[in-house]
Amino acid sequence: MPKDFNIAIVGGGLCSLSAAVALTRAGISVSVFEASLFSQEAGAGVGLGPNALRALKGLGIFDAILSRSDQSQPAPRTFRFMSAYEDHEFIFDYETNCADPGALAIYRPAFLDAIADLLDPSVVRYNHKCTSISLSETGKQVLHFADGTTHEADLVIGADGIRSISRRYVLGEHLKSPLVFPNTVAYRGLVPVEDLKRAGVRTELTGRPVCFVGEGKHIICFPIKGFTVINFVVFLSDYDKLAQSELPYPWVETTSEQELKDRCGNWGHDTTIILDLLKSTSKWSIHALDPPLQSYIRNRVVLVGDAAHSMLPHLGSGVGQGFEDVFLLVQLLTHPKSNKANLPHLLAQYDALRPPRANAVLHASWEAGKLYDSYDPTKQADSKSRLQAELVGIWEDVWTYDLTKDVDSAFENLHRLKAFQDE
Ligand SMILES: Cc1cc2nc3c(=O)[nH]c(=O)nc-3n(C[C@H](O)[C@H](O)[C@H](O)COP(=O)(O)OP(=O)(O)OC[C@H]3O[C@@H](n4cnc5c(N)ncnc54)[C@H](O)[C@@H]3O)c2cc1C
């Protein structure tokens with residue numbers, strides 16, 4: 001039966017389009033409003049862990065994503081940790097107890113292309129920058145756009161990423177978004193495998209991800225584009241400074257090769273070559289919510305993805321949490337008995353379940369970054385053994401989470417509360 005409510009989604013990124021595909025397939029009227037002129041994504045890779053893949057399977061878009069990834073099947077992508085210094089002493093091989101440990105790395109534009117193929121193009125309206133959200137007298141949520149136009153919907157999904165306008169509405173316009181810059185910058189760049197081999201890099205980088213750890217710095221390396229290119233992310237953090245809520249420079253900028261080398265100082269054999277080969281890197285000032293939001297809803301506006309829980313990328317789990325949000329929300333909204341009248345009950349269930357889960361991952365991501373940046377054998381003789389002990393199990397709670405239990409619990413509550421009127 002067709003639903004008696006329509007949905008507007010603010011933002012046209014990974015979480016938004018995944019939600020749009022699943023909702024439109026269920027016959028729900030959805031309009032997506034994206035600020036940019038056309039689909040564009042940073043040309044970088046994204047890692048999708050087992051929990052992210054379970055959510056994508058539940059949303060029915062896993063096969064499309066897999067067909068655009070370089071892997072024929074998900075495979076364990078657990079990290080190997082090596083010293084960033086000198087001869088890159090091996091430190092730790094992460095082992096997981098996750099029953100389905102398969103993961104994927106995918107080039108972001110390839111992910112977006114895969115989902116766009118599943119969506120009627122008229123659903124997404126580009127060049128629609130949302131500037132604010134209000135509530136009409138008739139109870140509709142109103143989106144206001146930069147060009148002066150508006151759009152009304154029964155439900156708004158705020159999927160507008162880290163600098164979310166929807167978050168401002170959910171928090172209350174008088175409150176500042178608690179987004180902070182924890183003095184961490186990430187330099188992202190791609191290097192062909194052939195160039196690395198020719199230059200004498202000895203570490204095997206075409207298999208599972210490698211994390212070179214050092215003091216206040218680490219490099220994440222994983223292959224993309226048919227294992228022909230390595231995606232590098234060099235993280236540099238200054239833990240002596242307090243996290244700031246204001247930023248002195250743009251969030252993303254292209255940077256000179258020299259700046260990266262100057263900031264890194266002396267590293268080891270392979271890490272020095274990698275830094276030499278990294279050309280045209282983009283520098284990202286990393287942000288996270290601190291403190292996290294305690295609620296992801298207000299009236300009929302619900303946040304998903306980075307809008308709800310922007311986190312540091314150290315567990316590679318930001319978008320995975322977004323897909324978990326979308327999975328639960330889609331289960332609630334597409335239930336045969338969901339309708340306009342019971343939307344507040346559905347959103348309340350979402351809000352009881354998602355903030356505790358996603359905020360726990362957000363917290364764990366801060367801790368993981370500090371751990372990777374704690375390795376300095378010249379200052380602490382037990383640096384390696386301490387790191388080995390602390391790395392045990394850091395991904396288990398993220399990867400083994402059972403989302404179906406949340407869905408069952410939400411529906412049990414809804415039935416108990418008699419939210420579905422004709423029961
Ligand atoms: C260096 C780095 C590495 C990362 N690595 C990983 C990883 O390996 N694995 C992982 O899971 N996560 C990773 N992440 C995090 C991941 O990138 C984010 O969690 C994910 O992109 C969030 O998706 P989203 O759909 O919520 O938002 P986004 O993908 O940011 O999409 C938001 C969209 O909203 C649009 N928009 C914004 N404002 C408006 C507006 N006012 N009106 C209309 N449209 C608007 C934007 O243009 C954009 O298209 C990483 C992040 C960084 C910085």
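Any value given below was found using the heavy atoms of this structure, including those in side chains, with hydrogens, waters and symmetry copies removed. Note that ligands are numbered from 1 as they come in the structure, with each ligand's atoms numbered from 1 the same way.
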Problem - Atoms of ligand 1 close to Phe33 [distance to a heavy atom under 4.0 angstrom, numbered from 1] - result: 43 (C), 44 (N)
Problem - Heteroatom proximity flag, Gly318 to ligand 1, N/O under 3.5 Å - result: yes
Problem - Residue portion contacting ligand 1 (non-hydrogen atoms closer than 4.0 Å) for Trp284 - result: side chain
Exercise for the section: Side-chain contact test, heavy atoms from C-beta onward, threshold under 4.5 Å: evaluate it for Thr271 versus Leu275 and give yes or no. Expected result: no
Handout entry: Short N or O distance, Ser16 and ligand 1, threshold 3.5 Å exclusive
Key = no
Practice task
In plain terms, say whether Arg68 and Asp117 are close enough for a salt bridge, that is, a side-chain N and a carboxylate O under 4.0 Å apart.
Solution key: yes
Handout entry: Salt-bridge contact Arg198-Asp195 (side-chain N to carboxylate O under 4.0 Å)
Key = yes
Practice task
Could you tell me whether Arg354 and Asp325 make a salt bridge, using a distance below 4.0 angstrom between a side-chain N and a carboxylate O?
Solution key: yes
Practice task
Within a distance under 4.0 Å of any heavy atom of Gly320, pick out the atoms of ligand 1 and give their elements.
Solution key: 11 (O)
Fill in the blank from the handout: In terms of its nearest heavy atom to atom 6 (C) of ligand 1, the top option of Ile9, Val46, Ile286 is Val46
Problem - The one among Ser317, Ser18, Cys15, Gly316 that brings a heavy atom closest to atom 24 (P) of ligand 1 - result: Cys15
Exercise for the section: State whether the number of non-hydrogen atoms from other residues, nucleotides or ligands found under 6.0 Å of Lys279 atom NZ is greater than 12. Expected result: yes
Handout entry: Residue-ligand contact Arg188/ligand 1, heavy atom below 4.0 Å
Key = yes
Handout entry: Sub-3.5 Å N/O-N/O distance, Ala35 and ligand 1
Key = yes
Handout entry: Geometric N/O contact Phe235 with ligand 1, under 3.5 angstrom
Key = no
Practice task
Give the numbers and elements of all ligand 1 atoms closer than 4.0 Å to a heavy atom of Cys130.
Solution key: 40 (C), 41 (N), 42 (N), 43 (C)
Exercise for the section: Establish, for the pair Lys57 and Phe62, whether the NZ or CZ atom is under 6.0 angstrom from the six-membered ring centre and no further than 45 degrees off its axis. Expected result: yes
Handout entry: Phe81/Tyr372 aromatic ring centres below 6.0 Å
Key = yes
Handout entry: Charged N-O contact under 4.0 Å between Asp160 and Arg167
Key = no
Practice task
Report, in ascending order of atom number, the atoms of ligand 1 lying under 4.0 Å from any heavy atom of His128.
Solution key: 42 (N), 43 (C)
Problem - N/O separation below 3.5 Å, Ser36 to ligand 1 - result: no
Practice task
Pick, from Arg108, His314, Met311, the option with the minimum heavy-atom distance to atom 50 (C) of ligand 1.
Solution key: Arg108
Fill in the blank from the handout: Taking only non-hydrogen atoms of Lys129 and a 4.0 Å limit, the atoms of ligand 1 in range are 42 (N)
Handout entry: Pair Lys217 + Asp373, salt bridge at N-O below 4.0 Å
Key = no
Handout entry: Under 4.0 Å to a heavy atom of Gly47 - the qualifying atoms of ligand 1, by number
Key = 7 (C), 8 (O), 9 (N), 10 (C), 11 (O)
Practice task
Provide the number and element of each atom of ligand 1 under 4.0 Å from a heavy atom of Ile165.
Solution key: 41 (N)
Exercise for the section: Check the side chains of Ser295 and Asp351 for a donor-acceptor pair under 3.5 angstrom, ignoring hydrogens and angles. Expected result: yes
Fill in the blank from the handout: In ligand 1, the atoms that come under 4.0 Å of a heavy atom of Gly305 are 26 (O)
Handout entry: Ring centers of His151, Phe145 separated by less than 6.0 Å
Key = no
Practice task
Before accepting this row, confirm whether a basic side-chain N of the pair Glu204/Arg80 lies closer than 4.0 Å to the acidic partner's carboxylate O.
Solution key: no
Exercise for the section: Answer with side chain, backbone, both or neither: which part of Ala52 has a heavy atom less than 4.0 angstrom from an atom of ligand 1? Expected result: neither
